[in-house]
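A short write-up of the structure that comes next.
All figures in this text were calculated on a predicted structure; none of them were measured in a lab.
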Amino acid sequence: MKAVAIDLDGALGDTRPLWREFLADAARRFISIAPLDPELLPADRGEAAAELDRWAAQGVGDWRGALTRFAEDRAPVFLRPNAEASASLRVLVAAGYRIGVFTDAPEELARVALAHLGVSSRVDVVETGVGAGERLVERMVGEVVIAASRDELVRIAGAAS
């Protein structure tokens, strides 16, 4: 089976600005419970999520639920569906490709982003966090091509049609 592993942030919609905004909001909102300096978190969002789990244990609680709600509320400001990317996904699905998406972002953010971008129904597998790309390629069966950018996604779809 043919498969394509797509970088969410590079090819479909960059979730990093939304992530940074969430961190700034969380730092302000929970300062009286547990201080958080977003600048000190690792750049890899999977590693940052592990740090946030430890931070939340100081009494903050469910930061992942807060991320989901924040992302659902603000996704329209940060993420725009792209006709070219959506058309490429339709072509790949029609050509029999299995679609996988990876990102270092937490799963909660990735799921909201995929839904807002209107591509959830075309995605078979999602991997998030540290090493997501490598795990996704390992999980997918058969020949796997990687689309790290929108241009690569369009090129792969063009070759599939």
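Pairs of residues two or more places apart, or lying in two chains, that qualify as salt bridge (charged side-chain N to carboxylate O under 4.0 Å, His left out) and include a residue from residues 123-133 are E127-R135, E127-R139. Every pair passing ring-ring contact (aromatic ring centres under 6.0 Å, His included) that includes a residue from residues 32-55 is listed here, sequence neighbours excluded: F30-W55.
Through direct or relayed side-chain contacts under 4.5 Å between Ile, Leu, Val, Met, Phe, Trp and Tyr, V154 connects to no other residue. In this structure, M140 belongs to a hydrophobic cluster whose other members, linked by side-chain heavy atoms under 4.5 Å apart, are F102, V125, L136, V137, V144, I146. Chaining together hydrophobic side chains whose heavy atoms lie under 4.5 Å apart leaves V112 on its own.
A pairwise comparison of heavy atoms in A85 and R150 identifies CB-NE, 3.9 Å as the closest pair. Counting all heavy atoms, side chain and backbone alike, A49 lies closest to P106 at CB-CG, 4.2 Å. Here the closest heavy-atom approach between residue G65 and residue D62 is recorded as N-OD1, 2.9 Å.
With rounding to the nearest 0.5 Å, the separation of CG in L92 from CG in L153 is 6.0 Å. Note: Y97 OH to I6 CD1 = 11.0 Å, rounded to the nearest 0.5 Å. Separation of atoms CD1 (I156) and OG (S161) is listed at 12.5 Å; rounding is to 0.5 Å. For the atom pair CG (L89) and CZ (R122), the distance works out to 6.5 Å, reported to the nearest 0.5 Å. In this structure, CZ on R80 lies 12.0 Å from CG on N82, to the nearest 0.5 angstrom.
Not counting sequence neighbours, the partners of D9 by the side-chain hydrogen bond (donor to acceptor under 3.5 Å, both in side chains) test are T15, R45, T103. With sequence neighbours left out, F22 forms a ring pair (Phe, Tyr, Trp, His ring centres under 6.0 Å) with F70. A24 is linked by a side chain to side chain contact (heavy atoms under 4.5 Å, CB included) to R28, counting only residues two or more places apart in sequence or in another chain. Residues that satisfy the salt bridge (charged side-chain N to carboxylate O under 4.0 Å, His left out) test with R111, not counting sequence neighbours, are E107. For E152, the salt bridge (charged side-chain N to carboxylate O under 4.0 Å, His left out) criterion is met by no residue, not counting sequence neighbours. Every side-chain hydrogen bond (donor to acceptor under 3.5 Å, both in side chains) that R16 has, sequence neighbours left out, goes to D14. Under the salt bridge (charged side-chain N to carboxylate O under 4.0 Å, His left out) criterion, R69 pairs with no residue at all, not counting sequence neighbours.
Taking the side chain as every heavy atom from C-beta outward, R74 and L18 approach each other to under 4.5 Å. For the pair P38 and R20, the minimum side-chain heavy-atom distance is 4.5 Å or more.
With hydrogens and angles disregarded, no donor-acceptor distance shorter than 3.5 Å links the side chain of R98 to the backbone of A3. For the pair H116 (side chain) and L79 (backbone), a donor-acceptor distance under 3.5 Å is present.
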Query raised in the report: Please walk me through it: do S86 and V119 pass side-chain contact (heavy atoms from CB on, under 4.5 Å)?
Result: CA-CA 7 Å; S86 295; V119 299; 4.3 Å; yes

Query - L52 vs L41, side-chain contact (heavy atoms from CB on, under 4.5 Å): CA-CA, chis, key distance, verdict - result: CA-CA 8 Å; L52 289 173; L41 290 171; 4.1 Å; yes

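Under the 4.5 Å side-chain heavy-atom criterion for ILVMFWY residues, a single connected hydrophobic cluster contains both V126 and V145. Under the 4.5 Å side-chain heavy-atom criterion for ILVMFWY residues, no single connected hydrophobic cluster contains both I31 and L40.
A salt bridge links E108 and R64; the closest N-O separation between the charged side-chain nitrogens and carboxylate oxygens is under 4.0 Å.
Of the listed residues (T128, L8, L67), just one forms a side-chain contact (heavy atoms from CB on, under 4.5 Å) with L109, and that residue is L67.
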